[in-house]
Student: 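My questions will all concern the structure given below.
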Amino acid sequence: MKNQQIADLFSAMADLLEILGESLFRVNSYRKAARVLEELAEDIEAVAAADRLTEIEGIGDSTAGKIRQYLAEGRIEQYDKLKAQVPPDLPGLLDVPGLGPKTVAKLWKQASVTSVAELRAALDKSPERLLAVEGLGPKKLDQIRQSLAFQAEAGGRIRLNTARELAERLLADVRRAPGAQRATFAGSLRRGKETIGDIDLLCQADANRAAKIIQRFAASEGVERVLAAGATKGSVVLTGGVQADLRVVEPASYPAALMYFTGSKEHNIRLRELAVQKGWKLNEYGLFDGEKRFKAGEEADLYARLGLAYVPPELREDRGEVEAARDAALPELLEDGDLRGDLHMHTTASDGHNSIDEMIDACRAKGYKYLAICDHSKSQVQAHGLDEKRLAAHVEAIRKSARRHKDILVLTGVEVDIFKDGSLDFSDDVLAGLDFVTASAHSALAMSGPEATKRLIRAAEHPCVHCIGHPTGRMINSRPGMEIDVAELARAAAANGVALEINAHPVRLDLRDVHVRAAVEAGAKLVINTDAHSTDQLDLMGYGVTTARRGWARKGDVLNTLTPAQLRKWLGTKRK
DNA sequence: GCCGTTTTCGGCCCGACTGTTTTCAGTCG
Ligand SMILES: Nc1nc2c(ncn2[C@H]2C[C@H](O)[C@@H](COP(=O)(O)OP(=O)(O)OP(=O)(O)O)O2)c(=O)[nH]1
Ligand SMILES: [Mg+2]
Ligand SMILES: [Mg+2]
Ligand SMILES: [Zn+2]
């Protein structure tokens with residue numbers, strides 16, 4: 001699937017155009033094209049073949065032409081031309097915090113600095129050359145030195161669970177600050193995005209207390225350096241390289257500030273455009289008609305004033321939610337309490353850390369009505385996968401436990417490996433004897449998108465399979481996974497009555513949000529599982545629910561919201 | 001470059017913080 005490659009090219013063209021001083025609106029349209037391509041769950045080639053490119057929001061004739069050229073020739077002429085106008089490593093300078101397109105252009109034109117390496121050298125040996133550049137003074141150079149010194153440590157985006165832990169600690173500290181009336185996290189963390197760029201905190205306080213709260217934040221434990229600390233906001237880097245931003249506002253501004261600071265940026269812009277259309281102004285202090293500020297006690301009041309239904313944070317990505325909120329067409333999203341069981345967990349029989357009974361007890365303690373034990377199959381040798389004989393014994397043990405736990409439905413199952421060609425690690429006979437079969441790919445993930453899609457579709461068409469586990473196999477921040485055309489897979493899943501897993505483990509979150517959306521649109525069932533390898537990992541379910549909500553999933557889209565009786569019936573139709 | 005319950009042309013979100021400035025540009029949220 002070439003979606004990501006093309007997205008990267010548009011992103012690179014945006015950077016090049018910006019350095020070259022092109023109109024920011026035009027630059028933004030390239031960035032938007034990159035974003036929608038990245039978020040597309042369908043193979044761009046299929047969209048192009050159906051002549052539907054310009055149906056995608058943000059893709060017009062010009063962008064569509066470039067995409068078609070890439071698909072036909074493997075290159076975009078405009079990219080090549082832009083690239084030729086600029087030294088090859090110049091755009092790399094944009095990654096240095098504090099350096100933007102204007103400064104990068106001036107460094108190049110006025111100081112012949114064309115790469116990060118040359119910048120480092122100049123800072124060391126000939127700072128006077130840099131000081132001669134318009135707008136650069138000694139303090140700015142020091143800032144750049146700092147940025148470069150810490151650049152290696154700045155690790156990029158972190159996982160949702162890691163960010164939550166960090167944020168809880170910071171938040172507890174902010175709440176203890178004198179004058180702090182309330183505080184919460186905002187930004188991508190509140191929206192539940194799969195990775196988090198930085199931690200955004202919002203605090204309510206009277207204006208005369210704000211500066212002190214920010215200074216306290218900047219001086220708090222775990223802060224490595226302070227990027228900015230003013231009268232309303234502060235920005236710090238924590239040891240480890242994660243950035244944290246604190247915004248402090250007065251009580252009357254809190255709802256608008258929460259709305260602003262939750263974002264996303266693109267969602268904010270849509271809301272602000274709506275305000276402008278009505279002759280108003282929306283910012284982090286409120287919604288204004290001239291000098292007059294509309295009263296708002298919570299975010300919902302602001303949405304209502306703009307003619308919109310309340311938009312849950314998970315949906316605020318400018319993926320159609322503003323239109324849906326206007327048309328009263330937002331979905332009634334799945335909620336945490338809707339889940340009645342977990343259908344993918346491991347035990348000590350394969351690579352889990354707890355026994356069957358311990359997992360059952362932990363599920364009961366969570367209030368679940370059912371669970372399925374799905375240990376690995378024999379080809380997963382490193383995970384101590386079960387062969388037919390051990391599986392039979394394991395199933396017997398599960399049934400025996402089940403008889404002792406009458407208040408919770410315990411299903412026998414397996415996580416059967418999907419081979420490279422889409423066939424499975426157990427024979428039909430063996431699989432047919434199990435209550436719940438999850439099929440997952442674990443190895444040979446480095447295959448082309450179309451091949452990988454075929455592989456999973458073949459597994460989904462298998463008469464004994466109930467669920468495709470962690471479909472792409474991606475591991476956040478460590479491996480990309482297969483480039484599945486999830487829209488196509490979801491159609492096959494829907495046709496065959498197979499559920500697609502949202503693996504809730506924060507390292508996986510697979511399917512991811514935009515994939516969930518495609519699955520819902522195709523009418524496929526989802527199932528949210530923790531894939532727990534220990535009792536405490538059963539608690540990770542919330543990350544899966546968040547991901548499902550970000551994919552616009554309703555209760556009815558999710559298999560494990562069914563009652564035990566309904567679930568049995570669903571399983572029965574598969575085994576007829 | 002995209003887009004349209006006022007538009008097919010003329011708009012395109014709005015503000016904080018810092019540094020280099022003599023009134024604001026650049027970068028970032
Ligand atoms: N109106 C407006 N709001 C913005 C802009 N940039 C950022 N914001 C708001 C919305 C963001 O969610 C919020 C926090 O900014 P961040 O840069 O931290 O982005 P966010 O947390 O969404 O993503 P992240 O995971 O940190 O990359 O600030 C902007 O250009 N305009
Ligand atoms: Mg953020
Ligand atoms: Mg931020
Ligand atoms: Zn697995």
Side-chain angles (χ1 to χ4, degrees), chain A residues 10 13-14 17-19 21-36 53-67 78 93-107 131-144 146-147 186-188 197-202 210-211 214 218 226-236 243-249 253 256-257 259-288 306-307 318 322-323 326-327:
Chain A
F10 275 93
M13 284 193 280
L17 286 166
E18 205 174 12
I19 290 171
E22 185 53 70
S23 147
L24 285 182
F25 302 117
R26 193 158 165 243
V27 169
N28 271 338
S29 71
Y30 280 73
R31 297 236 156 89
K32 168 135 197 205
R35 175 169 71 92
V36 297
L53 284 174
T54 55
E55 287 174 23
I56 301 171
E57 184 74 25
I59 296 188
D61 289 333
S62 170
T63 302
K66 295 181 180 83
I67 294 171
Q78 196 199 4
L93 284 166
L94 293 171
D95 294 336
V96 179
L99 289 189
K102 304 281 185 205
T103 313
V104 168
K106 284 188 214 151
L107 280 169
L131 288 169
V133 173
E134 231 169 77
L136 288 189
K139 287 190 174 176
K140 189 77 198 173
L141 289 197
D142 270 343
Q143 271 188 356
I144 297 171
Q146 283 275 310
S147 290
S188 49
D198 72 349
I199 290 164
D200 301 294
L201 304 177
L202 178 65
I214 288 155
V226 179
L227 299 174
T232 73
K233 70 189 224 189
S235 210
V236 302
Q243 186 176 323
D245 296 337
L246 173 67
R247 189 80 203 244
V248 183
V249 296
S253 294
M259 183 184 234
Y260 151 72
F261 213 28
T262 297
S264 66
K265 171 184 173 179
E266 292 76 12
H267 179 81
N268 287 352
I269 290 174
R270 295 298 311 278
L271 298 183
R272 288 170 183 213
E273 284 170 353
L274 272 182
V276 168
Q277 272 177 33
K278 295 177 189 290
W280 303 335
K281 180 176 68 171
L282 177 64
N283 57 29
E284 62 267 51
Y285 298 107
L287 179 58
F288 297 88
L306 291 168
D318 187 28
V322 174
E323 293 78 1
R326 179 196 63 202
D327 302 340

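From a predicted model like this one, the values you see are computed outputs, not experimental measurements. Numbers restart at 1 for each chain; the letters A, B, ... are given by sequence-line order, proteins then strands.
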Student: Please work out if A/I59 contacts a base, only the sugar-phosphate, or nothing of the nucleic acid, heavy-atom cut-off 4.0 Å.
Tutor: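 It contacts sugar-phosphate atoms only.
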
Student: If I pick the C1' atom on B/dT6 and the same atom on B/dG11, what distance separates them, to the nearest angstrom?
Tutor: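 One C1' to the other, the span is 13 Å.
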
Student: Determine the contact category for A/Y260: base if any of its heavy atoms lies under 4.0 Å from a base atom, sugar-phosphate if only primed atoms, P, OP1 or OP2 are that close, otherwise nothing.
Tutor: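 Base contact - A/Y260 has a heavy atom under 4.0 Å of at least one base atom.
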
Student: Select base, sugar-phosphate, or nothing to describe what A/K106 touches, counting heavy atoms under 4.0 Å on all strands.
Tutor: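 Sugar-phosphate only.
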
Student: Which part of the nucleic acid, if any, lies within contact of A/Q277, taking any heavy atom under 4.0 Å across all strands shown: a base, the sugar-phosphate backbone alone, or nothing?
Tutor: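 Counting heavy atoms under 4.0 Å across all strands, no contact is made by A/Q277.
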
Student: On DNA chain B, compare the nucleotides closest to A/V104 and A/F25; which residue's is nearer the 5' end?
Tutor: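 Of the two residues, A/F25 wins.
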
Student: Using Watson-Crick or G-U wobble geometry with both distances below 3.5 Å, tell me the partner of B/dG1, or none.
Tutor: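 Its partner is B/dC12.
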
Student: B/dT5 and B/dC13: how far apart are their P atoms, nearest whole angstrom?
Tutor: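 Pairwise P distance, B/dT5 against B/dC13, rounds to 16 Å.
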
Student: Roughly, in whole Å, what's the span from CG in A/L99 to P in B/dG26?
Tutor: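 In whole Å, B/dG26 P and A/L99 CG are 13 Å from each other.
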
Student: Heavy atoms only, 4.0 Å cut-off, all strands: where does A/R247 land among base, sugar-phosphate and nothing?
Tutor: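 Result for A/R247 = sugar-phosphate.
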
Student: Going by atom types only, do A/Q243 and A/S235 share a side-chain donor-acceptor pair under 3.5 Å?
Tutor: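 There is such a pair between these side chains.
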
Student: In whole angstroms, how far is the P atom of B/dT27 from the CG atom of A/L94?
Tutor: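 That distance rounds to 9 Å.
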
Student: Where the side chain of A/S29 is concerned, which of B/dC2, B/dC14, B/dG29 is the nearest nucleotide?
Tutor: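 The listed nucleotide nearest to A/S29's side chain is B/dC2.
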
Student: In terms of the nearest nucleotide of DNA chain B, which residue is placed more toward the 5' end: A/S235 or A/T54?
Tutor: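 By nearest-heavy-atom nucleotide position, the 5'-most residue is A/T54.
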
Student: Could you state the CD-P distance from A/Q146 to B/dG19, rounded to the nearest angstrom?
Tutor: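 Taking atom P of B/dG19 as the reference, CD of A/Q146 is at 11 Å.
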
Student: Take the protein atom CZ of A/R270 and the nucleotide atom C1' of B/dC2, then report the distance between them rounded to whole Å.
Tutor: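 Those two atoms, CZ and C1', are 12 Å apart.
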
Student: How about A/K102: does its NZ atom have over 12 heavy atoms from other parts shown lying under 6.0 Å from it?
Tutor: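 Not more than 12 within 6.0 Å, no.
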
Student: Are A/V322 and A/H267 close enough, and set up right, to give a side chain to side chain contact (heavy atoms under 4.5 Å, CB included), and what steps lead you there?
Tutor: CA-CA 8 Å; A/V322 174; A/H267 179 81; 3.9 Å; yes

Student: Roughly how far apart, to the nearest Å, are B/dC3 and B/dT8 at atom P?
Tutor: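 Taking atom P in both B/dC3 and B/dT8, they lie 16 Å apart.
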
Student: If you measure from the C1' atom in B/dT22 to the same atom in B/dC28, how many Å do you get, rounded?
Tutor: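 Result for the C1' pair: 25 Å, nearest Å.
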
Student: Within the structure shown, what part of the strands sits under 4.0 Å from A/L24 by heavy-atom distance: base, sugar-phosphate, or nothing?
Tutor: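 Here A/L24 touches no strand at all.
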
Student: For A/Y285 and B/dC13, is the shortest distance between a side-chain N/O and OP1 or OP2 below 4.0 Å?
Tutor: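 Checking A/Y285 against B/dC13: no side-chain N or O falls below 4.0 Å of OP1 or OP2.
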
Student: Does a donor on one side chain and an acceptor on the other come within less than 3.5 Å for A/E22 and A/Y30?
Tutor: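 No pair is found: no donor N or O on one side chain lies under 3.5 Å from an acceptor on the other.
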
Student: Of the nucleotides B/dG15, B/dC13, B/dT27, which has the atom closest to the A/K102 side chain?
Tutor: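 Within the option list, the nearest is B/dT27.
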
Student: What is the distance, to the nearest angstrom, from the CG atom on A/D318 to the P atom on B/dC2?
Tutor: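 My rounded result for the distance is 16 Å.
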
Student: Can you tell me how far P of B/dT27 sits from CG of A/L93, to the nearest Å?
Tutor: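 Taking CG of A/L93 and P of B/dT27, I get 12 Å after rounding.
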
Student: In plain terms, say whether A/R31 and A/E18 are close enough for a salt bridge, that is, a side-chain N and a carboxylate O under 4.0 Å apart.
Tutor: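 Judged by the 4.0 Å cut-off on N to carboxylate O distance, A/R31 and A/E18 do form a salt bridge.
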
Student: Can you tell me if CG on A/D61 sees more than 12 non-hydrogen neighbours from other groups inside 6.0 Å?
Tutor: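 No.
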
Student: From B/dG15, B/dG19, B/dA16, pick the nucleotide closest to the side chain of A/K140?
Tutor: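 Among the listed nucleotides, the one closest to the side chain of A/K140 is B/dG19.
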
Student: What's A/V276 touching, base or sugar-phosphate or nothing? Going by heavy atoms closer than 4.0 Å.
Tutor: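 Answer is sugar-phosphate: A/V276 comes under 4.0 Å of backbone atoms only.
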
Student: For atom C1', what is the distance between B/dG26 and B/dT20, given to the nearest Å?
Tutor: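 Comparing C1' positions in B/dG26 and B/dT20 gives a spacing of 11 Å.
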
Student: Within the structure shown, what part of the strands sits under 4.0 Å from A/K32 by heavy-atom distance: base, sugar-phosphate, or nothing?
Tutor: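 Counting heavy atoms under 4.0 Å across all strands, no contact is made by A/K32.
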
Student: Has A/N283 got a side-chain N or O lying under 4.0 Å from the OP1 or OP2 atom of B/dG15?
Tutor: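 For B/dG15, OP1 or OP2 has a side-chain N or O of A/N283 closer than 4.0 Å.
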
Student: Just to be sure I understand the rule, does A/A33 reach a base, reach only the sugar-phosphate, or reach nothing, if contact means heavy atoms closer than 4.0 Å?
Tutor: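 If one applies the 4.0 Å heavy-atom cut-off, A/A33 turns out to touch nothing in the nucleic acid.
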
Student: Using the P atom as the point on both nucleotides, what is the distance between B/dA16 and B/dT21, in whole Å?
Tutor: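 Each nucleotide's P atom is 24 Å from the other's.
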
Student: Should A/R26 be listed as having a side-chain N or O under 4.0 Å from OP1 or OP2 of B/dG1?
Tutor: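 Result: yes.
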
Student: Check every atom of B/dC17, B/dT27, B/dG1 against the side chain of A/T232 and return the nucleotide holding the closest atom.
Tutor: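 When the side chain of A/T232 is considered, B/dC17 is the closest of B/dC17, B/dT27, B/dG1.
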
Student: Which is true for A/A231 with a 4.0 Å heavy-atom rule: it touches a base, it touches only sugar-phosphate, or it touches nothing?
Tutor: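 The residue A/A231 makes sugar-phosphate contact but no base contact.
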
Student: Choose from B/dC12, B/dT27, B/dG19 the nucleotide whose nearest atom is closest to any side-chain atom of A/E273.
Tutor: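 Looking only at heavy atoms from C-beta outward on A/E273, the closest nucleotide is B/dC12.
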
Student: Work out how far the C1' atom of B/dC9 is from that of B/dC14, and round it to whole angstrom.
Tutor: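 My reading of the C1' atoms in B/dC9 and B/dC14 gives 24 Å.
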
Student: For A/D200, answer base if it contacts any base atom (sugar-phosphate contacts may also be present), sugar-phosphate if it contacts only those atoms, and nothing otherwise; contact means non-hydrogen atoms under 4.0 Å.
Tutor: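 The residue A/D200 makes sugar-phosphate contact but no base contact.
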
Student: Considering only B/dC12, B/dC2, B/dT18, which nucleotide approaches the side chain of A/Q143 most closely?
Tutor: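 Closest nucleotide among those given: B/dT18.
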
Student: Whether A/E57 and A/R35 form a salt bridge (side-chain N of Lys/Arg under 4.0 Å from carboxylate O of Asp/Glu) is what I want to check.
Tutor: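 The answer is no: the pair does not qualify as a salt bridge.
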
Student: How many angstroms lie between CG in A/D200 and OG1 in A/T262, if you round to the nearest 0.5 Å?
Tutor: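 So the gap between those two atoms works out to 9.0 Å.
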
Student: Please classify the nucleic acid contact of A/E22 as base, sugar-phosphate, or nothing, using heavy-atom distances under 4.0 Å.
Tutor: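 Here A/E22 touches no strand at all.
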
Student: B/dC2, B/dT20, B/dG29: which one has an atom nearest the side-chain heavy atoms of A/K139?
Tutor: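 My answer, after comparing the listed nucleotides, is B/dT20.
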
Student: At 4.0 Å (heavy atoms only), tell me whether A/T103 reaches a base, stays on the sugar-phosphate, or touches nothing.
Tutor: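 A/T103: backbone/sugar contact only, no base atoms under 4.0 Å.
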
Student: Starting the side chain at C-beta, find the nucleotide from B/dG19, B/dC17, B/dC14 nearest to A/K233.
Tutor: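 Selected nucleotide (nearest to the side chain): B/dC17.
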
